[in-house]
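Quantities reported herein were computed from a predicted structural model and do not represent experimental measurements.
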Number of protein chains: 2
Amino acid sequence: MRPDDLAEVRHLPLFRDMLKANFDALMQGAYAQAFPEGLELIRQGDPADFLHVVLEGAVELHAGWQDRSCTMAVVKPVGTFILAACIKDVPYLMSARTLERSRLLLVPASDLRAVFRRDAEFAVSTITELAGCYRAVVRHAKSLKLRNSRERVAAYMLKQSQLAGGALRFTLGIEKRLIASYLGMTPENLSRALKTLDDVGIEVHGQMVTITDMDRLLAFVPPDALIDGPDAPGLVA
Amino acid sequence: MRPDDLAEVRHLPLFRDMLKANFDALMQGAYAQAFPEGLELIRQGDPADFLHVVLEGAVELHAGWQDRSCTMAVVKPVGTFILAACIKDVPYLMSARTLERSRLLLVPASDLRAVFRRDAEFAVSTITELAGCYRAVVRHAKSLKLRNSRERVAAYMLKQSQLAGGALRFTLGIEKRLIASYLGMTPENLSRALKTLDDVGIEVHGQMVTITDMDRLLAFVPPDALIDGPDAPGLVA
DNA sequence: ATATGAAATTGATATAAATCAATGGTTGAG
DNA sequence: CTCAACCATTGATTTATATCAATTTCATAT
(Lines give C-alpha, C1' and ligand atoms only; values in the text may rest on other atoms or scores of the structure.)
Protein backbone atom coordinates (compact mmCIF):
# COMPACT_ATOMS: atom_id res chain seq x y z
CA MET A 1 0.00 0.00 0.00
CA ARG A 2 1.38 3.34 -1.05
CA PRO A 3 2.09 6.09 1.47
CA ASP A 4 -0.05 8.63 -0.37
CA ASP A 5 -2.97 6.20 -0.39
CA LEU A 6 -2.60 6.01 3.34
CA ALA A 7 -2.71 9.77 3.57
CA GLU A 8 -5.79 9.94 1.42
CA VAL A 9 -7.59 7.32 3.47
CA ARG A 10 -6.58 9.10 6.61
CA HIS A 11 -8.31 12.20 5.30
CA LEU A 12 -11.63 10.45 4.80
CA PRO A 13 -14.33 11.65 7.19
CA LEU A 14 -14.58 8.11 8.47
CA PHE A 15 -10.93 7.90 9.47
CA ARG A 16 -9.64 11.38 10.02
CA ASP A 17 -10.71 11.90 13.62
CA MET A 18 -9.53 8.68 15.15
CA LEU A 19 -6.34 8.30 17.14
CA LYS A 20 -3.30 7.83 14.99
CA ALA A 21 -2.37 4.64 16.83
CA ASN A 22 -5.76 3.14 16.09
CA PHE A 23 -5.65 4.23 12.48
CA ASP A 24 -2.27 2.61 12.10
CA ALA A 25 -3.55 -0.55 13.73
CA LEU A 26 -6.51 -0.66 11.35
CA MET A 27 -4.28 -0.15 8.36
CA GLN A 28 -1.94 -2.82 9.63
CA GLY A 29 -4.57 -5.45 9.02
CA ALA A 30 -5.83 -3.83 5.82
CA TYR A 31 -4.46 -4.34 2.37
CA ALA A 32 -4.75 -2.56 -0.92
CA GLN A 33 -5.33 -4.55 -4.05
CA ALA A 34 -5.93 -3.84 -7.71
CA PHE A 35 -8.74 -5.57 -9.55
CA PRO A 36 -9.44 -5.81 -13.28
CA GLU A 37 -12.54 -4.39 -14.90
CA GLY A 38 -15.75 -6.33 -14.56
CA LEU A 39 -14.74 -8.35 -11.53
CA GLU A 40 -17.41 -9.34 -9.06
CA LEU A 41 -15.86 -8.20 -5.80
CA ILE A 42 -18.62 -9.35 -3.52
CA ARG A 43 -21.89 -11.10 -3.99
CA GLN A 44 -25.05 -10.29 -2.11
CA GLY A 45 -25.59 -12.85 0.61
CA ASP A 46 -21.88 -13.34 1.25
CA PRO A 47 -20.65 -12.86 4.81
CA ALA A 48 -19.32 -9.35 5.35
CA ASP A 49 -15.61 -9.72 5.93
CA PHE A 50 -14.15 -6.46 4.71
CA LEU A 51 -15.00 -2.82 4.55
CA HIS A 52 -14.13 -1.67 1.05
CA VAL A 53 -12.58 1.70 0.23
CA VAL A 54 -12.31 2.74 -3.40
CA LEU A 55 -8.87 4.29 -3.96
CA GLU A 56 -8.96 4.32 -7.75
CA GLY A 57 -11.48 3.33 -10.39
CA ALA A 58 -15.20 2.82 -9.94
CA VAL A 59 -17.38 0.18 -8.35
CA GLU A 60 -21.01 -0.59 -9.04
CA LEU A 61 -23.22 -1.74 -6.22
CA HIS A 62 -26.07 -3.79 -7.56
CA ALA A 63 -28.79 -6.06 -6.31
CA GLY A 64 -30.62 -8.99 -7.78
CA TRP A 65 -33.81 -10.95 -7.28
CA GLN A 66 -34.86 -13.91 -9.31
CA ASP A 67 -33.49 -13.21 -12.77
CA ARG A 68 -33.56 -9.41 -12.41
CA SER A 69 -30.91 -7.04 -11.23
CA CYS A 70 -30.46 -3.33 -10.80
CA THR A 71 -27.79 -0.80 -9.99
CA MET A 72 -28.09 0.64 -6.53
CA ALA A 73 -25.10 2.98 -6.54
CA VAL A 74 -21.75 3.71 -8.11
CA VAL A 75 -18.83 4.46 -5.81
CA LYS A 76 -15.78 6.37 -6.94
CA PRO A 77 -12.66 7.51 -5.07
CA VAL A 78 -12.57 8.11 -2.26
CA GLY A 79 -15.70 6.39 -1.02
CA THR A 80 -16.44 3.40 1.14
CA PHE A 81 -19.09 0.75 0.81
CA ILE A 82 -20.86 -1.99 2.73
CA LEU A 83 -20.00 -0.48 6.07
CA ALA A 84 -23.36 -1.48 7.54
CA ALA A 85 -23.02 -5.18 6.80
CA CYS A 86 -19.53 -5.18 8.31
CA ILE A 87 -20.74 -3.55 11.47
CA LYS A 88 -23.67 -5.85 11.97
CA ASP A 89 -21.64 -8.86 10.91
CA VAL A 90 -24.41 -9.97 8.60
CA PRO A 91 -24.54 -10.83 4.88
CA TYR A 92 -24.20 -8.10 2.28
CA LEU A 93 -27.47 -6.85 0.81
CA MET A 94 -25.79 -5.83 -2.41
CA SER A 95 -23.21 -7.16 -4.80
CA ALA A 96 -20.27 -5.12 -6.01
CA ARG A 97 -18.35 -5.21 -9.26
CA THR A 98 -15.60 -3.08 -10.73
CA LEU A 99 -16.63 -0.92 -13.66
CA GLU A 100 -13.02 -0.37 -14.60
CA ARG A 101 -9.64 -1.35 -13.31
CA SER A 102 -9.78 -0.34 -9.66
CA ARG A 103 -7.67 -0.28 -6.57
CA LEU A 104 -9.40 -0.97 -3.31
CA LEU A 105 -8.45 -0.95 0.30
CA LEU A 106 -9.89 -3.85 2.23
CA VAL A 107 -10.26 -3.38 5.97
CA PRO A 108 -11.15 -6.49 7.97
CA ALA A 109 -14.59 -6.09 9.49
CA SER A 110 -13.51 -7.62 12.79
CA ASP A 111 -10.76 -5.01 13.21
CA LEU A 112 -13.31 -2.32 12.45
CA ARG A 113 -15.65 -3.55 15.13
CA ALA A 114 -12.83 -3.87 17.62
CA VAL A 115 -11.51 -0.38 16.99
CA PHE A 116 -14.73 1.58 17.30
CA ARG A 117 -15.25 -0.05 20.66
CA ARG A 118 -12.09 1.49 22.02
CA ASP A 119 -11.87 4.72 20.02
CA ALA A 120 -14.73 7.07 20.80
CA GLU A 121 -13.84 9.42 17.96
CA PHE A 122 -13.93 6.60 15.46
CA ALA A 123 -17.27 5.49 16.86
CA VAL A 124 -18.63 8.97 16.30
CA SER A 125 -17.24 9.05 12.77
CA THR A 126 -18.82 5.68 12.07
CA ILE A 127 -22.14 6.93 13.37
CA THR A 128 -21.95 10.00 11.17
CA GLU A 129 -20.94 8.00 8.12
CA LEU A 130 -23.77 5.54 8.60
CA ALA A 131 -26.28 8.29 9.17
CA GLY A 132 -25.13 9.79 5.87
CA CYS A 133 -25.49 6.47 4.05
CA TYR A 134 -28.94 6.01 5.51
CA ARG A 135 -30.05 9.41 4.36
CA ALA A 136 -28.64 8.82 0.90
CA VAL A 137 -30.78 5.71 0.47
CA VAL A 138 -33.84 7.43 1.89
CA ARG A 139 -33.38 10.14 -0.72
CA HIS A 140 -33.04 7.51 -3.42
CA ALA A 141 -36.24 5.81 -2.28
CA LYS A 142 -38.06 9.14 -2.18
CA SER A 143 -36.97 9.90 -5.70
CA LEU A 144 -38.23 6.53 -6.90
CA LYS A 145 -41.59 6.95 -5.25
CA LEU A 146 -42.29 10.63 -5.77
CA ARG A 147 -41.04 11.24 -9.30
CA ASN A 148 -41.74 9.68 -12.64
CA SER A 149 -38.90 8.55 -14.83
CA ARG A 150 -38.62 11.75 -16.81
CA GLU A 151 -38.37 13.78 -13.63
CA ARG A 152 -35.79 11.43 -12.20
CA VAL A 153 -33.66 11.82 -15.29
CA ALA A 154 -33.92 15.60 -15.21
CA ALA A 155 -33.09 15.70 -11.50
CA TYR A 156 -30.15 13.39 -12.09
CA MET A 157 -28.73 15.67 -14.74
CA LEU A 158 -29.24 18.70 -12.56
CA LYS A 159 -27.40 17.02 -9.75
CA GLN A 160 -24.51 15.97 -11.99
CA SER A 161 -24.25 19.56 -13.10
CA GLN A 162 -23.97 20.64 -9.49
CA LEU A 163 -21.39 17.96 -8.77
CA ALA A 164 -19.43 19.34 -11.69
CA GLY A 165 -19.30 22.66 -9.91
CA GLY A 166 -22.40 24.05 -11.52
CA ALA A 167 -21.07 23.55 -15.03
CA LEU A 168 -23.62 23.76 -17.81
CA ARG A 169 -21.58 21.27 -19.80
CA PHE A 170 -20.25 18.01 -18.41
CA THR A 171 -19.73 14.38 -19.25
CA LEU A 172 -21.76 11.61 -17.72
CA GLY A 173 -18.83 9.47 -16.65
CA ILE A 174 -20.77 6.22 -16.53
CA GLU A 175 -22.67 4.18 -19.06
CA LYS A 176 -26.24 5.13 -19.74
CA ARG A 177 -27.50 1.65 -19.05
CA LEU A 178 -26.13 1.99 -15.52
CA ILE A 179 -27.78 5.35 -15.09
CA ALA A 180 -31.01 3.86 -16.35
CA SER A 181 -30.83 0.98 -13.94
CA TYR A 182 -29.92 3.28 -11.09
CA LEU A 183 -32.89 5.48 -11.90
CA GLY A 184 -35.17 2.47 -12.05
CA MET A 185 -35.94 2.40 -15.78
CA THR A 186 -34.91 0.60 -18.93
CA PRO A 187 -32.14 1.91 -21.22
CA GLU A 188 -34.73 2.42 -23.95
CA ASN A 189 -36.85 4.51 -21.68
CA LEU A 190 -33.86 6.61 -20.61
CA SER A 191 -32.92 7.16 -24.22
CA ARG A 192 -36.38 8.38 -25.07
CA ALA A 193 -36.64 10.48 -21.95
CA LEU A 194 -33.39 12.24 -22.80
CA LYS A 195 -34.68 13.14 -26.21
CA THR A 196 -37.81 14.74 -24.85
CA LEU A 197 -35.87 16.64 -22.20
CA ASP A 198 -34.66 19.24 -24.67
CA ASP A 199 -38.08 20.73 -23.98
CA VAL A 200 -36.93 21.60 -20.49
CA GLY A 201 -33.39 22.65 -21.25
CA ILE A 202 -31.26 19.51 -21.43
CA GLU A 203 -29.43 18.23 -24.47
CA VAL A 204 -27.38 15.08 -24.50
CA HIS A 205 -25.03 13.85 -27.20
CA GLY A 206 -23.19 10.70 -26.29
CA GLN A 207 -21.53 11.27 -22.95
CA MET A 208 -21.77 15.04 -23.23
CA VAL A 209 -24.58 16.82 -21.45
CA THR A 210 -25.43 20.44 -22.08
CA ILE A 211 -27.91 22.36 -20.04
CA THR A 212 -29.31 24.83 -22.51
CA ASP A 213 -31.86 26.44 -20.26
CA MET A 214 -31.22 26.22 -16.56
CA ASP A 215 -34.30 28.23 -15.66
CA ARG A 216 -36.61 25.90 -17.45
CA LEU A 217 -34.83 22.90 -16.00
CA LEU A 218 -35.20 24.30 -12.50
CA ALA A 219 -38.86 24.95 -13.13
CA PHE A 220 -39.38 21.40 -14.33
CA VAL A 221 -37.64 19.69 -11.41
CA PRO A 222 -37.45 22.11 -8.53
CA PRO A 223 -34.36 20.73 -6.82
CA ASP A 224 -35.18 19.64 -3.35
CA ALA A 225 -32.43 19.47 -0.75
CA LEU A 226 -34.41 16.68 0.90
CA ILE A 227 -34.10 14.49 -2.17
CA ASP A 228 -31.19 15.73 -4.21
CA GLY A 229 -29.06 16.90 -1.33
CA PRO A 230 -25.41 16.06 -0.94
CA ASP A 231 -24.66 12.39 -0.56
CA ALA A 232 -21.87 10.55 1.16
CA PRO A 233 -18.47 11.27 -0.40
CA GLY A 234 -17.55 9.03 -3.29
CA LEU A 235 -21.15 8.16 -4.01
CA VAL A 236 -21.61 9.12 -7.60
CA ALA A 237 -24.86 7.67 -8.75
CA MET B 1 -43.41 9.61 32.31
CA ARG B 2 -44.47 6.28 33.73
CA PRO B 3 -41.98 3.93 35.36
CA ASP B 4 -42.97 1.00 33.16
CA ASP B 5 -42.41 3.15 30.06
CA LEU B 6 -38.95 3.81 31.33
CA ALA B 7 -38.35 0.11 31.76
CA GLU B 8 -39.58 -0.58 28.26
CA VAL B 9 -37.39 2.09 26.75
CA ARG B 10 -34.46 0.78 28.73
CA HIS B 11 -35.00 -2.60 27.10
CA LEU B 12 -34.75 -1.23 23.58
CA PRO B 13 -31.63 -2.38 21.74
CA LEU B 14 -30.65 1.26 21.39
CA PHE B 15 -30.68 1.92 25.13
CA ARG B 16 -30.18 -1.35 26.92
CA ASP B 17 -26.38 -1.55 26.89
CA MET B 18 -25.54 1.95 28.02
CA LEU B 19 -24.49 2.83 31.55
CA LYS B 20 -27.43 3.33 33.85
CA ALA B 21 -26.17 6.76 34.85
CA ASN B 22 -26.12 7.86 31.22
CA PHE B 23 -29.51 6.38 30.53
CA ASP B 24 -30.92 8.23 33.50
CA ALA B 25 -29.30 11.43 32.31
CA LEU B 26 -30.81 10.99 28.85
CA MET B 27 -34.24 10.35 30.29
CA GLN B 28 -33.87 13.35 32.55
CA GLY B 29 -34.01 15.64 29.55
CA ALA B 30 -36.59 13.56 27.73
CA TYR B 31 -40.31 13.80 28.09
CA ALA B 32 -43.24 11.63 27.20
CA GLN B 33 -46.27 13.16 25.62
CA ALA B 34 -49.56 11.96 24.19
CA PHE B 35 -50.74 13.20 20.82
CA PRO B 36 -54.14 12.94 19.16
CA GLU B 37 -54.75 11.08 15.94
CA GLY B 38 -53.74 12.73 12.71
CA LEU B 39 -51.29 15.18 14.21
CA GLU B 40 -48.30 16.21 12.16
CA LEU B 41 -45.47 15.60 14.62
CA ILE B 42 -42.66 16.75 12.43
CA ARG B 43 -42.40 18.13 8.95
CA GLN B 44 -39.68 17.26 6.49
CA GLY B 45 -37.15 20.06 6.37
CA ASP B 46 -37.57 20.95 10.01
CA PRO B 47 -34.45 21.03 12.17
CA ALA B 48 -33.95 17.73 14.00
CA ASP B 49 -34.43 18.50 17.64
CA PHE B 50 -35.70 15.26 19.13
CA LEU B 51 -35.29 11.57 18.71
CA HIS B 52 -38.78 10.09 18.80
CA VAL B 53 -39.67 6.82 20.49
CA VAL B 54 -43.14 5.38 19.95
CA LEU B 55 -44.46 4.10 23.28
CA GLU B 56 -48.07 3.61 22.24
CA GLY B 57 -50.01 4.08 19.04
CA ALA B 58 -48.65 4.27 15.51
CA VAL B 59 -46.78 6.87 13.52
CA GLU B 60 -46.55 7.23 9.77
CA LEU B 61 -43.34 8.49 8.22
CA HIS B 62 -44.07 10.10 4.91
CA ALA B 63 -42.35 12.24 2.34
CA GLY B 64 -43.55 14.80 -0.13
CA TRP B 65 -42.39 16.50 -3.29
CA GLN B 66 -44.34 19.09 -5.18
CA ASP B 67 -47.95 18.12 -4.66
CA ARG B 68 -47.25 14.40 -4.19
CA SER B 69 -46.60 12.44 -1.06
CA CYS B 70 -45.96 8.87 -0.07
CA THR B 71 -45.68 6.70 2.99
CA MET B 72 -42.14 5.66 3.76
CA ALA B 73 -42.75 3.62 6.90
CA VAL B 74 -45.08 3.01 9.80
CA VAL B 75 -43.57 2.80 13.26
CA LYS B 76 -45.30 1.07 16.15
CA PRO B 77 -44.23 0.44 19.75
CA VAL B 78 -41.51 0.20 20.62
CA GLY B 79 -39.64 1.74 17.75
CA THR B 80 -37.63 4.89 17.22
CA PHE B 81 -37.47 7.22 14.28
CA ILE B 82 -35.40 10.00 12.73
CA LEU B 83 -32.28 8.97 14.58
CA ALA B 84 -30.08 9.83 11.61
CA ALA B 85 -31.20 13.43 11.31
CA CYS B 86 -30.68 13.93 15.05
CA ILE B 87 -27.18 12.58 14.88
CA LYS B 88 -26.12 14.64 11.92
CA ASP B 89 -27.94 17.68 13.24
CA VAL B 90 -29.54 18.26 9.86
CA PRO B 91 -33.15 18.66 8.70
CA TYR B 92 -35.49 15.69 8.67
CA LEU B 93 -35.92 13.98 5.32
CA MET B 94 -39.37 12.74 6.24
CA SER B 95 -42.47 14.01 7.95
CA ALA B 96 -44.24 12.13 10.72
CA ARG B 97 -47.89 12.00 11.69
CA THR B 98 -49.81 9.99 14.20
CA LEU B 99 -52.16 7.40 12.73
CA GLU B 100 -53.99 7.06 16.03
CA ARG B 101 -53.74 8.49 19.48
CA SER B 102 -50.10 7.93 20.41
CA ARG B 103 -47.70 8.42 23.23
CA LEU B 104 -44.17 9.33 22.31
CA LEU B 105 -40.95 9.82 24.15
CA LEU B 106 -38.97 12.79 22.91
CA VAL B 107 -35.23 12.73 23.56
CA PRO B 108 -33.34 15.94 22.84
CA ALA B 109 -30.93 15.42 19.97
CA SER B 110 -28.19 17.41 21.67
CA ASP B 111 -28.29 15.12 24.71
CA LEU B 112 -28.10 12.16 22.40
CA ARG B 113 -25.03 13.48 20.68
CA ALA B 114 -23.41 14.33 23.98
CA VAL B 115 -24.04 10.92 25.49
CA PHE B 116 -22.71 8.74 22.74
CA ARG B 117 -19.49 10.70 22.88
CA ARG B 118 -18.87 9.60 26.44
CA ASP B 119 -20.59 6.20 26.54
CA ALA B 120 -18.87 3.71 24.27
CA GLU B 121 -21.62 1.15 24.67
CA PHE B 122 -24.24 3.63 23.62
CA ALA B 123 -22.12 4.58 20.65
CA VAL B 124 -21.98 0.95 19.61
CA SER B 125 -25.74 0.59 20.05
CA THR B 126 -26.29 3.68 17.96
CA ILE B 127 -24.04 2.31 15.26
CA THR B 128 -25.91 -0.97 15.25
CA GLU B 129 -29.30 0.74 15.20
CA LEU B 130 -28.31 2.98 12.30
CA ALA B 131 -26.85 0.09 10.36
CA GLY B 132 -30.17 -1.68 10.83
CA CYS B 133 -32.14 1.36 9.62
CA TYR B 134 -29.86 1.68 6.62
CA ARG B 135 -30.36 -1.93 5.68
CA ALA B 136 -34.10 -1.62 6.08
CA VAL B 137 -34.23 1.21 3.54
CA VAL B 138 -31.92 -0.59 1.17
CA ARG B 139 -34.30 -3.53 1.26
CA HIS B 140 -37.21 -1.22 0.60
CA ALA B 141 -35.44 0.30 -2.39
CA LYS B 142 -34.53 -3.15 -3.71
CA SER B 143 -38.14 -4.21 -3.47
CA LEU B 144 -39.28 -1.12 -5.38
CA LYS B 145 -36.75 -1.66 -8.16
CA LEU B 146 -36.75 -5.41 -8.51
CA ARG B 147 -40.40 -6.30 -8.12
CA ASN B 148 -43.56 -5.22 -9.84
CA SER B 149 -46.53 -4.10 -7.82
CA ARG B 150 -48.21 -7.48 -7.68
CA GLU B 151 -45.05 -9.09 -6.39
CA ARG B 152 -44.56 -6.37 -3.81
CA VAL B 153 -48.07 -6.92 -2.52
CA ALA B 154 -47.59 -10.67 -2.31
CA ALA B 155 -44.24 -10.27 -0.55
CA TYR B 156 -45.80 -7.79 1.85
CA MET B 157 -48.53 -10.23 2.79
CA LEU B 158 -46.02 -13.01 3.22
CA LYS B 159 -43.97 -10.84 5.51
CA GLN B 160 -46.98 -9.82 7.57
CA SER B 161 -47.79 -13.47 7.98
CA GLN B 162 -44.32 -14.10 9.29
CA LEU B 163 -44.54 -11.12 11.64
CA ALA B 164 -47.77 -12.66 12.93
CA GLY B 165 -45.80 -15.74 13.90
CA GLY B 166 -46.38 -17.58 10.66
CA ALA B 167 -50.16 -17.37 11.00
CA LEU B 168 -52.14 -18.12 7.86
CA ARG B 169 -54.78 -15.70 9.02
CA PHE B 170 -54.09 -12.21 10.26
CA THR B 171 -55.38 -8.65 10.11
CA LEU B 172 -53.60 -5.92 8.24
CA GLY B 173 -53.57 -3.42 11.08
CA ILE B 174 -53.20 -0.36 8.87
CA GLU B 175 -55.32 1.18 6.17
CA LYS B 176 -54.95 -0.15 2.68
CA ARG B 177 -54.25 3.27 1.24
CA LEU B 178 -51.18 3.45 3.48
CA ILE B 179 -50.04 0.02 2.42
CA ALA B 180 -50.51 1.05 -1.20
CA SER B 181 -48.50 4.20 -0.73
CA TYR B 182 -45.80 2.35 1.14
CA LEU B 183 -45.58 -0.20 -1.64
CA GLY B 184 -45.40 2.56 -4.23
CA MET B 185 -48.75 2.12 -5.92
CA THR B 186 -52.24 3.65 -5.98
CA PRO B 187 -55.03 2.33 -3.77
CA GLU B 188 -56.93 1.28 -6.89
CA ASN B 189 -54.00 -0.72 -8.10
CA LEU B 190 -53.60 -2.40 -4.71
CA SER B 191 -57.26 -3.26 -4.67
CA ARG B 192 -57.04 -4.90 -8.06
CA ALA B 193 -53.78 -6.63 -7.25
CA LEU B 194 -55.32 -8.17 -4.15
CA LYS B 195 -58.17 -9.57 -6.17
CA THR B 196 -55.87 -11.29 -8.62
CA LEU B 197 -53.67 -12.67 -5.86
CA ASP B 198 -56.15 -15.44 -5.03
CA ASP B 199 -54.42 -17.15 -7.95
CA VAL B 200 -51.31 -17.48 -5.84
CA GLY B 201 -52.90 -18.30 -2.52
CA ILE B 202 -53.92 -15.02 -0.90
CA GLU B 203 -57.44 -13.95 -0.06
CA VAL B 204 -58.31 -10.64 1.51
CA HIS B 205 -61.64 -9.53 2.93
CA GLY B 206 -61.55 -6.15 4.56
CA GLN B 207 -58.72 -6.17 7.06
CA MET B 208 -58.58 -9.95 7.22
CA VAL B 209 -55.97 -11.77 5.18
CA THR B 210 -56.03 -15.50 4.64
CA ILE B 211 -53.23 -17.38 3.00
CA THR B 212 -55.01 -20.23 1.32
CA ASP B 213 -52.03 -21.81 -0.36
CA MET B 214 -48.65 -21.09 1.17
CA ASP B 215 -46.79 -23.26 -1.30
CA ARG B 216 -48.10 -21.36 -4.25
CA LEU B 217 -47.45 -18.07 -2.53
CA LEU B 218 -43.87 -19.08 -1.81
CA ALA B 219 -43.45 -20.13 -5.42
CA PHE B 220 -44.76 -16.80 -6.65
CA VAL B 221 -42.59 -14.60 -4.41
CA PRO B 222 -39.65 -16.65 -3.22
CA PRO B 223 -38.96 -14.83 0.02
CA ASP B 224 -35.49 -13.40 0.00
CA ALA B 225 -33.73 -12.68 3.28
CA LEU B 226 -31.87 -9.91 1.47
CA ILE B 227 -35.12 -8.07 0.72
CA ASP B 228 -37.73 -9.28 3.15
CA GLY B 229 -35.41 -9.92 6.05
CA PRO B 230 -36.11 -8.69 9.57
CA ASP B 231 -36.29 -4.95 9.93
CA ALA B 232 -35.53 -2.68 12.80
CA PRO B 233 -37.85 -3.27 15.78
CA GLY B 234 -41.09 -1.32 15.68
CA LEU B 235 -40.91 -0.86 11.94
CA VAL B 236 -44.14 -2.27 10.70
CA ALA B 237 -44.55 -1.25 7.12
C1' DA C 1 -8.13 0.09 -41.51
C1' DT C 2 -11.38 -3.46 -40.58
C1' DA C 3 -13.94 -6.58 -37.99
C1' DT C 4 -16.17 -7.52 -33.67
C1' DG C 5 -19.18 -7.00 -29.92
C1' DA C 6 -21.49 -4.14 -26.79
C1' DA C 7 -24.08 0.01 -26.11
C1' DA C 8 -27.30 3.19 -27.66
C1' DT C 9 -31.00 4.46 -30.35
C1' DT C 10 -35.31 3.96 -32.79
C1' DG C 11 -39.74 2.05 -33.98
C1' DA C 12 -43.67 -0.93 -33.11
C1' DT C 13 -46.21 -3.08 -29.79
C1' DA C 14 -47.72 -5.01 -25.37
C1' DT C 15 -48.30 -4.54 -20.59
C1' DA C 16 -48.49 -2.27 -16.24
C1' DA C 17 -50.05 1.21 -13.71
C1' DA C 18 -52.31 5.73 -13.09
C1' DT C 19 -56.19 8.47 -13.59
C1' DC C 20 -60.94 9.63 -13.76
C1' DA C 21 -65.47 8.70 -12.43
C1' DA C 22 -68.99 6.38 -10.04
C1' DT C 23 -70.64 3.38 -6.44
C1' DG C 24 -70.80 0.82 -2.26
C1' DG C 25 -69.33 0.20 2.49
C1' DT C 26 -67.79 1.57 7.03
C1' DT C 27 -67.24 4.62 10.82
C1' DG C 28 -68.12 8.11 13.83
C1' DA C 29 -70.68 12.49 15.14
C1' DG C 30 -74.72 14.54 16.17
C1' DC D 1 -80.83 6.37 13.78
C1' DT D 2 -79.27 9.16 10.22
C1' DC D 3 -76.07 11.69 7.91
C1' DA D 4 -71.53 12.99 6.46
C1' DA D 5 -66.96 11.86 5.46
C1' DC D 6 -63.75 8.87 4.13
C1' DC D 7 -62.15 4.57 2.55
C1' DA D 8 -62.43 0.77 -0.59
C1' DT D 9 -63.90 -1.12 -4.74
C1' DT D 10 -65.10 -1.35 -9.58
C1' DG D 11 -65.19 -0.01 -14.39
C1' DA D 12 -63.55 2.73 -18.31
C1' DT D 13 -59.87 5.00 -20.10
C1' DT D 14 -55.41 7.17 -20.59
C1' DT D 15 -50.68 7.34 -19.84
C1' DA D 16 -46.27 5.55 -18.63
C1' DT D 17 -43.21 2.20 -19.09
C1' DA D 18 -41.49 -2.30 -20.59
C1' DT D 19 -40.65 -5.44 -24.14
C1' DC D 20 -39.32 -7.02 -28.59
C1' DA D 21 -36.91 -6.31 -32.75
C1' DA D 22 -33.99 -3.91 -35.83
C1' DT D 23 -30.40 -0.60 -36.79
C1' DT D 24 -26.84 2.46 -35.83
C1' DT D 25 -23.03 4.03 -33.16
C1' DC D 26 -19.04 3.45 -30.71
C1' DA D 27 -14.98 1.50 -28.75
C1' DT D 28 -11.62 -1.88 -29.19
C1' DA D 29 -8.80 -5.54 -30.66
C1' DT D 30 -6.75 -7.44 -34.56
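- Nucleotide C:dA18 holds its P atom 8 Å from the CZ atom of B:Arg152, rounded to whole Å.
- No side-chain donor from either of A:His62 and B:Lys142 sits under 3.5 Å from a side-chain acceptor of the other.
- Listed for the A:Ser149 side chain is no donor-acceptor partner under 3.5 Å among the backbone atoms of A:Met185.
- Of all nucleotides listed (D:dC7, D:dA18, C:dA8), D:dC7 comes nearest to the side chain of B:Glu175.
- Between the side chains of B:Thr210 and B:Glu203, no donor N or O sits under 3.5 Å from an acceptor N or O.
- Separating the CD atom of A:Glu37 from the P atom of D:dA29 is a distance of 10 Å, rounded to the nearest angstrom.
- The aromatic rings of A:Tyr182 and A:His140 lie parallel to each other, with less than 30° between the two planes, well short of the 60° mark.
- Separating the CG atom of B:Leu190 from the C1' atom of C:dA18 is a distance of 14 Å, rounded to the nearest angstrom.
- Atom NZ in B:Lys176 sits roughly 14 Å away from atom C1' in D:dC6 (whole-Å rounding).
- A:Thr71 and A:Glu60 share a side-chain donor-acceptor pair at under 3.5 Å.
- At a cut-off of 3.5 angstrom, counting only N and O atoms as typed in the model, there is a donor on one side and an acceptor on the other between the side-chain of A:Glu188 and the base of D:dC20.
- Within 6.0 Å of CZ in A:Arg43 there are 12 or fewer heavy atoms belonging to other residues, nucleotides or ligands.
- Put simply, CG on A:Asn189 is 16 Å from P on C:dA16, counting in whole angstrom units.
- Here the P atom of nucleotide D:dT9 and the CG atom of B:Asp198 are 13 Å apart, to the nearest Å.
- For C:dA16, the OP1/OP2 oxygens have no side-chain nitrogen or oxygen of B:Asn148 closer than 4.0 Å.
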If a pair means Watson-Crick or G-U wobble with both distances below 3.5 Å, what does DNA chain D look like in dot-bracket form, with | marking bases paired to a different strand? ||||||||||||||||||||||||||||||
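- Phosphate proximity of D:dT17 to A:Thr186: absent, as no side-chain N or O sits under 4.0 Å from OP1 or OP2.
- A:Ser149 comes within 4.0 angstrom of the backbone, heavy atoms only, and of no base.
- Comparing D:dT10, D:dC7, C:dA8 by their closest approach to the side chain of B:Ser191 singles out D:dT10.
- Nucleotide C:dG25 holds its P atom 17 Å from the CD atom of B:Gln207, rounded to whole Å.
- Residue A:Lys195 places no side-chain N or O under 4.0 Å from the OP1 or OP2 atom of C:dT9.
- Mapped onto DNA chain D by nearest heavy atom, B:Arg177 and B:Arg192 fall at different nucleotides, with B:Arg177 at the one closer to the 5' end.
- Across B:Lys159, B:Arg152, B:Arg147, a single residue satisfies salt bridge (charged side-chain N to carboxylate O under 4.0 Å, His left out) together with B:Asp228, and that is B:Arg147.
- Rounding to whole angstrom units, CG of residue B:Leu144 and C1' of C:dA17 are separated by 14 Å.
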